[in-house]
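Remarks on the structure that follows.
No hydrogens, no waters, no symmetry mates; every other heavy atom, side chains included, goes into these values. Bear in mind the structure is a predicted one, so any value in this text is a computation, not a measurement.
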Amino acid sequence: LAILQKRQFIDNASEARLHPLLQDHLEANLNMRPELHKALHEVAAQHLRAVTSDSLETLYHLVQANDAPDAFQHVRSAHLHWDSTGQGEYAADLIALLLNRTRNTPILNAPLEAQFLSLRGQLLMSGRRAVEAEADLRQAVALANASNVLPEEQIQITLRLARFLLQRGK
C-alpha cells in the first residue's frame, strides 16, 4: 500500500478501488490458488480486528478463510453487540455458512460446533427466525451432551435453550 501511495496510484486507501479488468485478473489468479485466497482473508480479518472489535466484516473474512477457532472467538466476543444493533441475522447466516463449509472436517469438532450453534440460536431467538433458533439450540444441546464439551459450557448451552423456551412460553 505504501508503494502504491508513493507512486501516486492511490491517494486515499479507504476509497481505493481496483479497475474491473485488474479485479477479474486477480480473482482468476486467486481461484487457481486457494491457499493464497485463504491467506488474504486471514490478513483482512487480522487488519479489521486491529481496527474494530465487533465488525461483521471481520467475521466474513474469517468465514472465507475457514478459520473456525478464530471465528468462534470473534463471535463470542461480539454476538451481544450484533444482536443489540440488529445485525444478528446476518451474523447467524455467516455462522451457518462456516458450519456448512467446515462440518465433517478436522477444522470443526463437535464441541466447537455445539458452541457455534448455541450462539447462532441466541442471535436468531428474538427475531422472525425463532424456529431456526430453537432447532439450533436443541442441536447444540444434543451435541454438547454427546461430546466432550466442558461442563460449564454445557450448562451455558442448556441455559440458552431454557431461556428461549421460557420466552416462547413452551
Side-chain angles (χ1 to χ4, degrees), residues 1 13-14 26-27 29-161 163-164:
L1 183 62
S14 65
L26 286 173
E27 284 178 7
N29 283 329
L30 287 174
N31 288 335
M32 291 188 305
R33 297 182 56 196
E35 72 285 350
L36 184 58
H37 190 260
K38 181 181 188 296
L40 287 174
H41 279 292
E42 289 170 348
V43 168
Q46 190 176 31
H47 168 73
L48 288 167
R49 248 196 237 127
V51 175
T52 180
S53 62
D54 54 13
S55 168
L56 270 173
E57 193 173 354
T58 303
L59 179 59
Y60 168 80
H61 288 292
L62 290 168
V63 168
Q64 293 302 313
N66 289 336
D67 191 343
D70 279 353
F72 174 70
Q73 293 304 322
H74 188 64
V75 170
R76 190 162 70 178
S77 67
H79 75 280
L80 293 175
H81 170 76
W82 296 331
D83 195 28
S84 67
T85 58
Q87 298 174 320
E89 284 190 22
Y90 181 63
D93 290 342
L94 287 173
I95 292 168
L97 178 61
L98 179 66
L99 289 171
N100 288 335
R101 293 171 73 165
T102 58
R103 195 170 273 132
N104 301 320
T105 69
I107 297 169
L108 185 69
N109 57 37
L112 187 57
E113 183 176 0
Q115 290 284 6
F116 268 125
L117 286 167
S118 174
L119 290 170
R120 184 174 188 276
Q122 184 172 347
L123 287 166
L124 293 174
M125 73 171 55
S126 60
R128 55 189 165 86
R129 293 166 61 185
V131 173
E132 278 181 70
E134 184 174 351
D136 284 348
L137 290 167
R138 288 185 184 281
Q139 187 178 356
V141 168
L143 271 172
N145 290 336
S147 62
N148 57 347
V149 172
L150 295 173
E152 310 86 53
E153 293 171 355
Q154 194 171 6
I155 290 168
Q156 190 177 45
I157 291 169
T158 305
L159 283 174
R160 278 192 184 114
L161 175 60
R163 276 191 221 111
F164 173 76

Per the ring pair (Phe, Tyr, Trp, His ring centres under 6.0 Å) rule, what does the pair list look like for residues 90-143, sequence neighbours excluded?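 Every pair satisfying ring pair (Phe, Tyr, Trp, His ring centres under 6.0 Å) with a residue in residues 90-143: Phe72-Phe116.
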
Gap between atom [atom2] of [Y] and atom [atom1] of [X] - 0.5 Å precision:
X	Y	atom1	atom2	answer
Arg128	Glu89	CZ	CD	4.0 Å
Gln139	Leu117	CD	CG	4.5 Å
Glu35	Leu40	CD	CG	10.0 Å
Asn66	Glu42	CG	CD	9.5 Å
Asp93	Gln87	CG	CD	12.5 Å
Arg76	Leu119	CZ	CG	8.5 Å

Have a look at Val63 and tell me which of Thr102, Leu99, Leu97 forms a side-chain contact (heavy atoms from CB on, under 4.5 Å) with it.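 Exactly one option meets the side-chain contact (heavy atoms from CB on, under 4.5 Å) with Val63, and it is Leu97.
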
Among residues two or more places apart or on two chains, list those pairs meeting side-chain hydrogen bond (donor to acceptor under 3.5 Å, both in side chains) that have a residue in residues 104-113.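 Residue pairs passing side-chain hydrogen bond (donor to acceptor under 3.5 Å, both in side chains), neighbours aside: Arg103-Glu113.
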
Can you list every pair that meets side-chain hydrogen bond (donor to acceptor under 3.5 Å, both in side chains) and has a residue in residues 43-52, with sequence neighbours left out? Thr52-Asp54

Does Thr158 reach the main-chain N or O of Gln154 with its side chain, forming a donor-acceptor pair under 3.5 Å? yes

Check: His41 side chain, Lys38 main-chain N or O, donor-acceptor pair, under 3.5 Å: no

Residue pair [X] / [Y]: nearest heavy atoms and the distance that separates them:
X	Y	result
Leu137	Ser118	CD2-O, 3.6 Å
Ala68	Leu98	CA-CD2, 3.9 Å
Ala114	Ala140	O-CB, 3.3 Å
Leu59	Ala71	CD1-CB, 4.0 Å
Ala130	Phe164	O-CZ, 3.4 Å
Ala92	Leu123	N-CD1, 4.1 Å

Just so I know, are the side chains of Leu80 and Gln122 near enough to count as touching, which here means a heavy-atom distance under 4.5 Å? yes

Scan side-chain atoms only and decide if Glu57 and Ser55 contain a donor-acceptor pair under the 3.5 Å cut-off.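 No, because no side-chain N or O of Glu57 sits under 3.5 Å from a partner of the opposite role on Ser55.
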
Counting only heavy atoms from other residues, nucleotides and ligands, does the tally under 6.0 Å from CZ of Arg101 exceed 12?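 Counting other residues, nucleotides and ligands, CZ of Arg101 exceeds 12 neighbours.
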
Asp136 and Arg129 ion-paired at < 4.0 Å: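 No, no charged N to carboxylate O under 4.0 Å.
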
